[in-house]
Amino acid sequence: MYRAVISGAFRGLDSFLVQVEVDISEGLPCMDMIGYLANEVKESKERVRVGIKNSGFSLPIKRITVSLTPADVRKDGSGFDLPVAVGVLSAIESGGKDRVDSGGECEAELTMPGDMVKNIASKTGIEAESGAETKNDTEAEREAAGRKTDLSAATDEEKERFAKETLVIGELGLDGEVKPVKGILPILLSAEKNGIRNCILPAANRKEAENVKGIRLFPVMNLRQAYEIYASCGKQGQDMSEEKPKTVGLVDFEIADKEGEKCNPAKVRERTGGTTVDKKQAAGRTNPEPDFAQICGQEQAKRAAAIAAAGFHNLLLFGPPGSGKSMIAERIPTILPEMTYEECLEVTQIYSVAGLLGEGMGLVTRRPYERPHHTITPVALTGGGAYPLPGAITLAHKGVLFLDELPEFGREKLDLLRQPLEEKKIRIIRSQYACDYDCDFMFVAAMNPCPCGFYPDRKRCNCKEQEIDRYLKRISGPILDRMDISVEVGKISWQQLRDETTTQTSAQIRAKVTAAHERQMQRQGKYNAALTNSELDNYVNLTGEAGKLLARIFDKKQLSIRGYQRIRKLARTIADYEGSKKVETAHLSEAVMLNQGMESLKKRGDEV
């Protein structure tokens with residue numbers, strides 16, 4: 001009595017198929033699981049045994065051996081419960097059929113006792129019609145026998161073909177309920193490339209799985225549904241993927257590709273159950289959504305934030321407490337353009353692996369915004385652990401990572417960001433394996449210029465020079481050198497606070513930022529911040545006067561090669577934001593001013 005069921009697992013963001021082999025033989029009654037298993041997988045045998053019993057099936061008094069291959073790769077997670085249970089039931093059916101054909105002992109029971117009909121029906125959401133009488137044990141046994149005849153109607157060839165093309169995954173409750181698991185999207189994307197055409201999965205993971213177009217989905221609520229679908233080769237059970245078009249929520253992207261128009265992810269959020277909010281709930285809110293129009297004054301800082309968003313540049317905001325640094329940072333996601341479908345898939349895979357997709361959530365369509373506290377550990381910031389999981393920098397992929405009170409994080413943690421900021425990915429190496437996590441994020445930080453926060457205003461700042469130096473040295477020079485824009489957020493006057501003149505809203509700024517992004521995509525296919533040195537020579541066209549100015553600035557300020565290239569990238573973004581094809585002198589001058597913001601602060605402090 002041998003059966004094999006295909007399942008899947010992930011390691012980092014990479015996924016692989018796992019073959020769940022089940023053998024039932026004579027011997028001491030037990031269930032053994034082998035194959036380099038984590039503790040949660042080893043505990044699976046107890047959930048499977050009780051779940052099978054409470055689903056109305058009975059296990060034979062024999063030795064059951066379950067092997068998960070490949071045996072040299074560690075398997076973790078709770079997604080192997082359902083494939084193990086389905087494999088055990090399939091092996092029991094196979095053994096019972098063989099014995100009947102050979103005239104041996106009676107076959108193993110796979111029927112549901114009559115006293116459990118009502119209990120199972122209530123758990124699956126199936127209720128008896130009003131006025132109908134409860135069926136007795138004889139009728140239940142007759143129906144169970146008819147169901148078993150239908151399940152065995154599929155030929156051995158059909159079963160073998162269906163088993164090779166079907167992936168089974170899900171966690172099993174003690175009552176037979178199939179519970180959701182994490183990592184469904186990357187597993188199915190990998191399975192599709194390996195020829196998998198069907199998937200039996202938890203109903204709660206359905207919307208996430210619908211993003212994979214080439215696989216037929218069989219969402220199930222309990223073990224009995226899963227086994228009926230598997231045993232009948234998909235002919236029985238409810239194929240929920242056929243009730244609703246499989247590509248729902250992706251139609252907008254497909255139409256946009258055909259017509260050459262830009263897609264509208266806002267519509268996708270409404271149709272896929274993404275990170276959108278119910279309209280009735282939104283209408284009942286008293287607090288308005290964050291908007292740049294709510295910030296009084298600080299026009300220079302708001303323009304710097306818009307330019308940073310236009311080219312996906314790193315941004316450092318510094319100034320006294322309460323000046324609006326955090327308010328500006330938390331409104332940056334409101335001016336970033338919508339993600340493309342490919343970016344949505346990348347972010348959704350990360351959140352699926354991390355287990356942060358809510359139940360029933362499909363595609364993540366809004367850019368992430370991560371704001372960790374300064375007490376975060378290095379592992380939580382960059383990712384890792386004994387069995388690596390994504391960190392805050394990976395969860396901010398294609399979005400914003402905001403570190404408030406930057407010096408409080410400490411030099412050790414901040415220096416961990418140096419390589420990810422350059423390479424846009426982080427490689428975590430362990431003794432058994434290594435995994436890569438993408439972390440292409442916009443780095444935004446806020447800090448005070450001194451411990452009290454009021455430097456260089458000596459009327460309010462009483463910090464000693466040694467205290468200020470010690471405070472600023474918590475941030476290493478290489479980290480500051482990676483900040484494309486450094487802008488001061490100063491205190492505002494009473495007149496600015498009471499000024500009722502309407503400033504630019506997030507929607508207005510976003511329109512200009514989106515236009516700048518489109519220019520970059522059409523010209524070079526990437527953001528300006530991601531340009532290499534050779535690409536800068538091709539795409540940054542300086543006028544004669546701008547080139548001479550840059551040469552003088554390089555010699556006078558003794559710029560590093562990285563600083564020189566970052567000023568060129570920033571000048572190119574300012575030109576795109578203003579709609580200019582060439583980089584003019586005004587664009588370059590503003591880029592130097594924004595890039596050297598911290599130097600102006602130090603000069604004013606020295607003068608005082």
Side-chain angles (χ1 to χ4, degrees), residues 1-3 5 7 20-33 37 40-68 78-97 99 105-126 134-145 147-148 151-152 168-181 200 202-203 220-232 236-237:
M1 294 186 286
Y2 168 86
R3 276 291 182 268
V5 178
S7 188
V20 180
E21 299 177 293
V22 179
D23 179 78
I24 301 178
S25 59
E26 301 293 339
L28 185 66
C30 65
M31 179 184 287
D32 290 329
M33 295 186 65
L37 312 177
E40 61 267 28
V41 183
K42 294 177 182 178
E43 295 169 353
S44 175
K45 61 182 179 182
E46 297 300 327
R47 293 192 294 269
V48 168
R49 183 180 61 81
V50 179
I52 287 177
K53 176 179 70 71
N54 289 336
S55 295
F57 301 107
S58 59
L59 286 172
I61 307 177
K62 295 181 180 296
R63 181 182 182 87
I64 302 175
T65 305
V66 181
S67 175
L68 277 64
S78 57
F80 296 109
D81 293 1
L82 187 59
V84 169
V86 169
V88 169
L89 295 178
S90 299
I92 293 173
E93 183 209 6
S94 173
K97 180 178 178 181
R99 287 196 298 273
E105 301 174 4
C106 62
E107 59 181 336
E109 290 293 334
L110 287 175
T111 59
M112 182 169 61
D115 58 353
M116 296 189 66
V117 172
K118 187 175 181 180
N119 183 33
I120 294 296
S122 63
K123 291 176 182 177
T124 57
I126 304 173
T134 305
K135 298 180 180 180
N136 56 33
D137 290 354
T138 305
E139 292 174 337
E141 291 173 0
R142 189 180 301 115
E143 285 191 3
R147 185 186 297 110
K148 184 176 180 182
L151 295 181
S152 62
V168 184
I169 189 169
E171 181 181 342
L172 201 60
L174 297 183
D175 59 351
E177 178 189 2
V178 178
K179 300 180 180 181
V181 296
I200 301 174
V220 296
M221 299 292 294
N222 53 63
L223 175 58
R224 179 163 290 276
Q225 288 182 359
Y227 176 67
E228 287 182 354
I229 292 171
Y230 193 84
S232 64
Q236 287 212 2

Can you give me the closest heavy-atom contact between L172 and A85, atom names plus distance? CD2-CB, 3.9 Å

Rounded to the nearest 0.5 Å, what's the gap from CD on E93 to CE on M1? Could you check? 12.0 Å

Under 3.5 Å, is there a donor on one side chain and an acceptor on the other for D32 and T65? no

In plain terms, say whether K62 and E26 are close enough for a salt bridge, that is, a side-chain N and a carboxylate O under 4.0 Å apart. yes

Evaluate the side-chain proximity of I200 to V220: yes if any heavy-atom separation is below 4.5 Å, no if none is. yes

Rounded distance (nearest 0.5 Å) linking atom OH of Y227 with atom OG of S232: 9.5 Å

To the closest 0.5 Å, what do you measure between CD (E228) and CG (N222)? 8.5 Å

If you look at every heavy atom in G173 and K179, which pair is closest and at what distance? CA-CE, 4.0 Å

Mark yes or no for whether Q225, through its side chain, and M221, through its backbone, hold a donor-acceptor pair below 3.5 Å. yes

Between V48 and M31, which heavy-atom pair has the shortest distance, and what is it? CG1-CE, 4.4 Å

Non-hydrogen atoms of D81 and S44 that approach each other most closely: OD1-OG, 2.7 Å

Side-chain contact test, heavy atoms from C-beta onward, threshold under 4.5 Å: evaluate it for L59 versus K53 and give yes or no. no

Looking only at atom types and distance, does a side-chain atom of R224 sit under 3.5 Å from a main-chain N or O of S55, one as donor and one as acceptor? yes

If you take all heavy atoms of S7 and G79, which pair is closest and at what distance? OG-O, 4.1 Å

Using the side chain to side chain contact (heavy atoms under 4.5 Å, CB included) criterion, which residues pair with E40? Sequence neighbours excluded. A38, D76

Is the closest side-chain heavy-atom distance between I169 and L82 below 4.5 Å? no

Here the gap from I92 atom CD1 to I64 atom CD1, rounded to the nearest 0.5 Å, amounts to 6.0 Å

Roughly how far, to the nearest 0.5 Å, is CZ of R3 from CD1 of I24? 10.5 Å

Any L89 side-chain heavy atom under 4.5 Å of L223 side chain: yes

Quick one: are M33 and F80 in side-chain contact, heavy atoms under 4.5 Å? no

In terms of heavy-atom contacts, G87 and V22 come closest through C-CG2, 3.8 Å

